[in-house]
There are 2 protein chains.
Amino acid sequence: MNTGLFKRLFKDKNLRMSHPRFLIYQELLGAQNPLSPQELYQSLLKKRRKIGLTSIYRSLDLFESLNMVFKIINGSSVKYKLCELKDHHHHIICRSCGHVGVLNFCDISSWSKKVTESTGYQVVDHQLNFYGFCKKCKPLQK
Amino acid sequence: MNTGLFKRLFKDKNLRMSHPRFLIYQELLGAQNPLSPQELYQSLLKKRRKIGLTSIYRSLDLFESLNMVFKIINGSSVKYKLCELKDHHHHIICRSCGHVGVLNFCDISSWSKKVTESTGYQVVDHQLNFYGFCKKCKPLQK
DNA sequence: CGAATAATGAAAATATTTTCAATAAGAAAT
DNA sequence: ATTTCTTATTGAAAATATTTTCATTATTCG
């Protein structure tokens, strides 16, 4: 996702591309691994970026709602990673190292219909995560 | 789920059926709505049950891992409800009132195979939630 | 009844959310 | 471009929520 897309996405929703938000976006872009709010904060402080921890929490929430980042909850640890795809997709998460893979197929529409029929709900969203062991961790399992 | 099942489930996993755990279970059983850890705590205090808040958090985590309860995360609110089914299943959650419906079908096995083929992961678990508006809330939508 | 150890609870440490006054981003007009 | 206006956003502090630590207690098993 480039800066242009970033800008347009925000404008459409009447959101402002503030400096703190941009800093967080850049930091995630440069990161090798998923980052926790605290790690993000420390990393920006180290670079002398002026930012409040509260803004980090708020921006990450926002980014998540925009499908820009994925929130990885592993036990009591919470980390975020930038998504390659800005549109709806699913994930697979390693129970050992926490690596997150992206699944770029999503043909769950027939399911939604089934759900509506059996419950009367109007389905507007869904979330599907798979958990397992990635190639690297699979051999290490005991 | 009756007390007998409760006991057996615990014994199998070398878990102990402590008094705090049983109190929490009973409280959830009697509740009309999903409860937050805090609500659970206050409710037990009111009944003069001696219990620590820490135990509530720990028990709920445990119950969740045993598929005995479902953790409902709605924005920043966290609540728990007892599950009717003790085996693997999925949920549908109302975006308006938070009502949680149980879906007792789960034929996602072919998906897991697809995921393994495309990512190399060994899939051991998955979670699928649908979100929408329940019968009651659907007409109220603006 | 013990012995072994899973589980508890109080307190401390962290993490997250809320509140609210101050600031800054974007739009419109000049 | 510059100014002005509107209001989305920020950050500090306070309020909550959650997790960890660790010495003590309670369950279960033999």
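Here is the naming used below: chain letters follow the sequence lines, and residue numbers restart at 1 for every chain.
- As a whole-Å value, the separation of B/Leu40 CG from C/dG9 P is 13 Å.
- In the hydrophobic clustering of this structure, A/Tyr131 does not group with A/Ile92; members are Ile, Leu, Val, Met, Phe, Trp, Tyr whose side-chain heavy atoms approach within less than 4.5 Å, directly or through other members.
- Taking the six-membered ring for Trp and thresholds of 30 and 60 degrees, A/His90 and A/His126 have ring planes inclined between 30 and 60 degrees apart.
- Counting to the nearest Å, the C1' atom of D/dT28 and the NZ atom of B/Lys13 are 19 Å from each other.
- Rounded to whole Å, the distance from CD1 on B/Ile56 to C1' on C/dA10 is 15 Å.
- Residues B/Tyr25 and B/Ser59 form no side-chain contact, since every pair of their non-hydrogen atoms from C-beta on lies 4.5 Å or further apart.
- Going from atom CZ of B/Arg49 over to atom P of C/dT8 covers 17 Å, rounded to whole Å.
- B/Ile51 places its CD1 atom 18 Å from the P atom of D/dT25, with the value rounded to the nearest Å.
- Contact of the B/His19 side chain with the B/Leu23 side chain is registered, since non-hydrogen atoms from C-beta on lie closer than 4.5 Å.
- Within the 3.5 Å criterion, the main-chain N or O of B/Lys79 finds no donor-acceptor partner in the side chain of B/Ser36.
- Take the nearest nucleotide of DNA chain C for B/Asn14 and for B/Lys50: the residue whose nucleotide is more 5' is B/Asn14.
- Between B/Leu23 atom CG and C/dA7 atom C1' the separation is 14 Å, expressed in whole Å.
- Using a 4.0 Å heavy-atom distance criterion, A/Arg21 is classed as a sugar-phosphate-only contact.
- Between A/His91 and A/His89, the angle of the ring planes goes over 60°, which puts this pair in the perpendicular group of the 30/60° scheme.
- When rounded to the nearest whole Å, the span between OH of B/Tyr25 and P of C/dA7 equals 18 Å.
- Inter-residue side-chain proximity for B/Leu53 and B/Gln38 is flagged as met; some heavy-atom pair is nearer than 4.5 Å.
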Letter by letter from the 5' end, nucleotides 22-27 of chain C scores (B base, S sugar-phosphate only, - none; protein heavy atoms under 4.0 Å) --BBS-
Could you check B/Lys47 against B/Glu27 for salt bridge (Lys or Arg N to Asp or Glu O under 4.0 Å), going step by step and ending with a plain yes or no? CA-CA 10 Å; B/Lys47 293 175 184 168; B/Glu27 199 61 28; 3.0 Å; yes
How does protein contact run along nucleotides 14-19 of chain D, one letter per nucleotide 5' to 3', with B for base contact, S for sugar-phosphate only, - for none, heavy atoms under 4.0 Å? ---SSB
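- A/Ile72 and A/Leu128 end up in different hydrophobic clusters when Ile, Leu, Val, Met, Phe, Trp and Tyr side chains are linked at under 4.5 Å.
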